[in-house]
Amino acid sequence: MSWLSTKTAFTTPPGCPITIKGWVRTNRESKAEGGLCFVAVSDGSSFDAIQCVVKGNLSNFAEVQKLTTGCAVEVDGQLVQSQGKGQSVEVLVDSAQGGAVRISGLVEHPDTYPVQNKRHTFEYLREVAHLRVRTNTFGAVARVRHCLSMAVHRFFHERGFFWVHTPIITGSDCEGAGQMFRVSTLDQMNLPRTPEGKCDYTQDFFGKESHLTVSGQLNVETYCCALSNVYTFGPTFRAENSNTARHLAEFWMIEPEMAFCDLMRDSQIAEEFIKYCVNAALTQLPDDMKFFDERIEPGLLARLKHVLDTPFRRLPYTEAVKIIQDAMAKGKKFEFQVKWGSDLQTEHERYLTEEHFKQPVILMNYPKQIKAFYMRLNDPGTDGAPGDTVAAMDVLVPKIGEIIGGSQREERLDYLDRRIEEMKLPAKEYWWYRDLRRYGTVPHAGFGLGFERLILFVTGMQNIRDVIPFPRAPKQAEF
RNA sequence: UCCCUGAUAGCUCAAUGGUAGAGCGACCGGCUGUUAACCGGUAGGUUCCAGGUUCGAGUCCUGGUCGGGGAGCCA
C-alpha cells in the first residue's frame, strides 16, 4: 500500500492499492450490501475530499460507523472507479482485499466540535481560527495563499531580482507610513527616566527607541543601488486603529525596487506582476478557483480573465479629476467634492475602476502635496497640471480599490533635501538614505503591494481577516 | 477614531413590556451506492456584561465589551 495524497490519488489510474491519511469531512451510512459507510477524507492537498467506501466486513466497522466530522484516520483500500455519481474515483475498503481503517484520533465529544458539517459564517469561524482551515473555504484560501507566495518569488526570480530580507525591527522612526509598534525590553512598571522626566531609551535593548517596521522600502533602496533589481516580501506592522475589511495590524508586503527605472517601466512591471499572479492561481488551482467562482464571488473567473486579457488603463491624476468632475456635472452623486490637489476618496477610485473604465486603472503623477517626500518631482506642466506633481502611481482594481502604490524615487539630492525641509522631517535621521544620492545616485523606482489585498482580489473573499491564517487587528490577537 | 447596526440553544435566526421557539448540528431509531441526503424522536437556555425603570424586561433607559456595514488612515 503506498500512501498517496488525495491530490495524487485523483490523478492516479484506478486499480491499485493505496493508503489515504487525513481528517473526516463527512460520514454517511447505508444498510445496503451488509452495511456500507461513505467516509469523505480530506488531507488538504486538493479541494475535494476523497470518498472512502468502507464495507461492513471490517473488524472495527462499528467504530467506523461512529466516525464524525474532524476525526483523523488512515485508510487502506483499492483505488477504484466510483459506482456512484459525484466523484470519478473512490477508495474501496474491503477486508477481503486487505482494506482497513485505522483511527488515529477521534473527536471525543462531537457535539462540541466547532466546525459542524454545515454552513458557518466567516465571523464565527474567525473565533475558531485554529480549526477553520478544515473547511472548504479556508482550505482553498490557504492553498491560493501558498500558490501566490510562490508566484511572487518566481515572478521576480525569473526577471533577475534578488530577494532582500529587510529588517523587522527598525531603529528609524522616519519610515513615514503610519503609527508604529514599539519594541522594548524595559520594565513598563518601572521605566528609567531622563532628567527631563521622559523615558530614557538609552537604557533600552537597542540603546534607542525602536519599532516594528512599517515598510522595507528605504532599506531595500540601498540594495537596489548595488544589485539593481531587488524586492522585499515579509511581514509589516501598522499600529493604526483601522477597523475595516481591508486593513490588518500585521500583514505581508511585497516591495520591488528597480535601478535605472522610470515611472512608466515601474507601472509596466506592476501590471505584469498582477497578471502573473492571477494566471498562477487560475492555472495551478483550478478546483479552488472554481469554488470561489461558484460560492464566494459569482463571476470571479470572468472578472479575472478580463484582467488578464486587457491592458491596464494608464491615466494622469489630472485627467482623473476631470473625469470625476464631468461625471458630477452629469448628475453622478459623490459624498465628497473633487478639485485638483485633493486626494481622491475611495468612492472616486471605485467609480473610475468599477464604473467608468470597468478594468484596472493606473493613476499617475499626483500633486506633490498629497504624496511622500521621497517621490520624484516632475517637470513643471507635466500632463498640463496646474501645480507641481510627483512621479507617483496607484494601481486601482475593481472590488479592492488601491492595490498597489508606487513611485519613481527622487534621486537628486538637492530636490530631496528641499522636500525633507518642506515637510519638516528630521533630516539627520535620513543620513544613510541621503548617502545613496551622494554616492553614485541613479534614477530608480518601485512599488508596494499588500499581499493579503492581492489574495482578496484573486479569491473574491470580502474580509482581509479571512485570507491570513491568524489575523491581527485592533482588539484581536487571539491564537 | 467617527457614523450606522447588531449580540437569544453548539451554529443561523424568530419571539406586541406578560409561560423562550424553529431550522441546521449532536445523540437515538428508520430508510437509502450515499454525497447540503431523507423520515421520526431525544437532549440542549444565567437571552453579551454591569447598573436602572417597571407589579413584571430577551424586549425600555444608561454605561461597557465584542461583531458587522460605511468612512478616515493606508497596502
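Below, each value reflects all heavy atoms present in this structure, side chains not excepted, and no hydrogens, waters or symmetry copies. Proteins come first, then strands; the chains are lettered A, B, ... in the order of their sequence lines, and each starts at number 1.
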Colleague: Give a yes or no answer on whether the side chain of A:D76 reaches the backbone of A:I18 with a donor-acceptor pair at less than 3.5 Å.
Modeller: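 Looks like no, no N/O pair under 3.5 Å.
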
Colleague: What does the list of N/O pairs under 3.5 Å between the protein and nucleotides 21-24 of chain B look like, with a distance for each?
Modeller:
from	atom 1	to	atom 2	distance (Å)
B:C24	O2	A:K118	NZ	3.1

Colleague: Do you see a donor-acceptor pair shorter than 3.5 Å between the side chains of A:D48 and A:S46?
Modeller: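 Not at all, the side chains of A:D48 and A:S46 share no donor-acceptor pair under 3.5 Å.
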
Colleague: Would you kindly check whether a donor in the side chain of A:H120 faces an acceptor in the base of B:C11, or vice versa, at under 3.5 angstrom?
Modeller: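 Such a pair does not exist between side chain and base.
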
Colleague: Return the nearest nucleotide to the side chain of A:F336; candidates are B:C73, B:U32, B:A71.
Modeller: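 Side chain of A:F336 sits closest to B:A71.
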
Colleague: With a 4.0 Å cut-off on heavy atoms, is A:E452 in touch with a base, just the backbone sugar-phosphate, or nothing at all?
Modeller: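 If one applies the 4.0 Å heavy-atom cut-off, A:E452 turns out to touch nothing in the nucleic acid.
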
Colleague: Among B:U32, B:A26, B:G68, which nucleotide sits nearest the side chain of A:S30?
Modeller: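 Closest nucleotide to the A:S30 side chain: B:U32.
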
Colleague: By nearest atom, which of the nucleotides B:G72, B:U34, B:C27 is closest to the A:E90 side chain?
Modeller: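 The closest nucleotide is B:U34.
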
Colleague: Looking at the side chain of A:E123, which of B:G68, B:G33, B:C11 is the nearest nucleotide?
Modeller: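 The listed nucleotide nearest to A:E123's side chain is B:G68.
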
Colleague: Using atom types as modelled and distance alone, determine if a side-chain donor or acceptor of A:R134 lies under 3.5 Å from a backbone N or O of A:S42.
Modeller: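 No, A:R134 side chain to A:S42 backbone: no donor-acceptor pair under 3.5 Å.
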
Colleague: Looking for any heavy atom pair under 4.0 Å, which part of the strands does A:S242 touch: base, sugar-phosphate only, or nothing?
Modeller: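 Base contact.
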
Colleague: If a protein heavy atom is under 4.0 Å from the base, mark B; if only from the sugar-phosphate, S; if neither, -; do that for nucleotides 38-44 of chain B going 5' to 3'.
Modeller: -------

Colleague: Between A:F273 and A:F156, does the ring centroid distance fall short of 6.0 Å?
Modeller: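 Aromatic pair counts; centres sit under 6.0 Å.
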
Colleague: If you only use heavy atoms from C-beta on, which nucleotide in B:G68, B:A26, B:A37 is closest to the side chain of A:R465?
Modeller: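 Closest nucleotide to the A:R465 side chain: B:G68.
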
Colleague: What does A:E33 touch in the nucleic acid at a heavy-atom separation under 4.0 angstrom: a base, only the sugar-phosphate, or nothing?
Modeller: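 Contact class for A:E33: base.
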
Colleague: Applying ring pair (Phe, Tyr, Trp, His ring centres under 6.0 Å), can you list everything that pairs with A:F61, at least two apart in sequence or on another chain?
Modeller: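 Per chain and number, A:F61 pairs via ring pair (Phe, Tyr, Trp, His ring centres under 6.0 Å) with no residue.
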
Colleague: With sugar-phosphate meaning primed atoms plus P, OP1 and OP2, does A:Y124 contact a base, only sugar-phosphate, or nothing at under 4.0 Å between heavy atoms?
Modeller: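 Sugar-phosphate: the residue A:Y124, judged by heavy atoms under 4.0 Å, touches backbone atoms but no base.
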
